[in-house]
Visitor: 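Following this message is one structure expressed as structure tokens.
We count residues from 1, following the sequence as given. Both ligands and their constituent atoms are indexed starting at 1 by order of listing.
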Amino acid sequence: MKFDISSINKVSGDSMEIRYQGPLPQDDFFDTISVKDDLLLEGTLTNYDGTILLDGTLKLSYIGQCARCLKPVTRSLNLKLTEKFSTGEIDEETYIYEGNFVDLTKAVNDNIIIALPIRLLCIDQCKGLCPVCGKNRNEDVCHCKESHEETPSENQFGILKNYFSN
Ligand SMILES: [Zn+2]
Ligand SMILES: [Zn+2]
């Protein structure tokens with residue numbers, strides 16, 4: 001996702017429109033989601049005393065897996081991007097560029113990672129899979145005992161209860 005900035009990097013204040021429609025570069029970078037179709041990046045690059053400022057929007061759809069029932073889930077992201085690119089004096093909020101090209105790949109990937117939910121769920125109230133029979137509890141009712149009744153500590157407690165009641 002490289003842009004030729006030779007038309008703006010000579011004069012501070014100059015800016016240019018940018019647009020990218022295509023696959024996400026380094027798609028294998030994401031192991032929990034895959035980006036669906038093309039993503040769309042639109043915005044402007046502005047030269048501010050040699051620092052290039054990106055102001056833009058990023059739209060994409062992705063497919064992930066529900067953390068509880070493991071079904072595929074499709075979501076969209078609509079992000080606002082404001083980033084800085086510099087040839088030197090890099091701080092934590094600034095990306096590097098060299099010569100006449102600004103590569104937005106890392107900035108775009110970083111923005112996507114931050115925007116992804118920590119736990120992707122198909123619906124907020126997803127009931128997940130039954131730990132005993134594996135049925136999707138959103139679609140089917142099963143009559144398995146709740147797993148917490150079968151944990152060893154509960155069993156031990158049950159045995160103790162029997163012991164005292166005898
Ligand atoms: Zn689910
Ligand atoms: Zn079950």
Side-chain angles (χ1 to χ4, degrees), residues 1-3 17-45 52-85 90-97 101-166:
M1 216 180 275
K2 274 187 181 175
F3 291 92
E17 303 285 318
I18 57 160
R19 188 175 192 277
Y20 171 89
Q21 185 165 14
L24 177 72
Q26 293 178 9
D27 196 11
D28 56 348
F29 188 60
F30 297 97
D31 53 358
T32 57
I33 63 152
S34 59
V35 174
K36 204 183 154 197
D37 305 325
D38 286 348
L39 62 86
L40 178 63
L41 170 72
E42 287 178 305
T44 55
L45 295 174
I52 304 298
L53 305 181
L54 163 67
D55 188 6
T57 56
L58 175 69
K59 291 178 188 164
L60 67 121
S61 298
Y62 65 89
I63 302 174
Q65 199 177 41
C66 174
R68 288 189 196 144
C69 74
L70 311 180
K71 269 195 148 185
V73 181
T74 302
R75 289 281 185 275
S76 299
L77 290 177
N78 199 340
L79 307 176
K80 189 159 170 40
L81 304 187
T82 48
E83 300 293 355
K84 289 185 286 185
F85 300 82
I90 300 300
D91 59 44
E92 282 179 5
E93 292 171 356
T94 311
Y95 296 93
I96 200 161
Y97 79 91
F101 290 92
V102 168
D103 187 350
L104 304 184
T105 303
K106 187 168 186 340
V108 164
N109 283 336
D110 288 350
N111 275 275
I112 294 171
I113 289 169
I114 290 168
L116 290 175
I118 294 165
R119 273 167 68 81
L120 183 63
L121 296 176
C122 59
I123 48 168
D124 283 347
Q125 299 81 19
C126 174
K127 298 187 188 106
L129 301 176
C130 171
V132 180
C133 72
K135 265 187 188 163
N136 186 335
R137 288 166 155 176
N138 302 306
E139 297 168 349
D140 241 324
V141 180
C142 65
H143 301 285
C144 301
K145 283 190 174 180
E146 287 296 319
S147 62
H148 64 79
E149 289 177 10
E150 294 166 3
T151 57
S153 62
E154 295 270 347
N155 282 341
Q156 276 167 20
F157 190 68
I159 291 162
L160 277 179
K161 238 172 29 185
N162 288 340
Y163 178 78
F164 283 118
S165 65
N166 286 340

Visitor: Do Ile18 and Leu54 have side chains that get closer than 4.5 Å, going by heavy atoms?
Guide: yes
Visitor: Using the side chain to side chain contact (heavy atoms under 4.5 Å, CB included) rule, pick out the option among Ile33, Asp37, Ile112 that qualifies with Tyr62.
Guide: Ile33
Visitor: If you take all heavy atoms of Arg19 and Phe3, which pair is closest and at what distance?
Guide: O-CE2, 3.9 Å
Visitor: So, applying side-chain hydrogen bond (donor to acceptor under 3.5 Å, both in side chains) with Lys80, which one of Asp55, Thr57, Asn111 is it?
Guide: Asp55
Visitor: What protein atoms of element N, O or S are positioned under 2.8 Å from the Zn ion (ligand 1)?
Guide: Cys66 SG, Cys69 SG, Cys122 SG, Cys126 SG
Visitor: Vertex the Zn ion (ligand 2): angle to SG of Cys142 and SG of Cys133, to 10°?
Guide: 110°
Visitor: Taking the side chain as every heavy atom from C-beta outward, state whether Cys126 and Asn138 have any pair of such atoms under 4.5 Å apart.
Guide: yes
Visitor: Among all residues two or more places apart in sequence or in another chain, which pass the side chain to side chain donor-acceptor pair (under 3.5 Å) test with Thr94?
Guide: Asp91
Visitor: Identify the residue among Asp110, Asp103, Asn109 that makes a side-chain hydrogen bond (donor to acceptor under 3.5 Å, both in side chains) with Lys106.
Guide: Asp110
Visitor: Please determine if the Zn ion (ligand 2) has an N/O/S atom from His143 lying under 2.8 Å away.
Guide: no
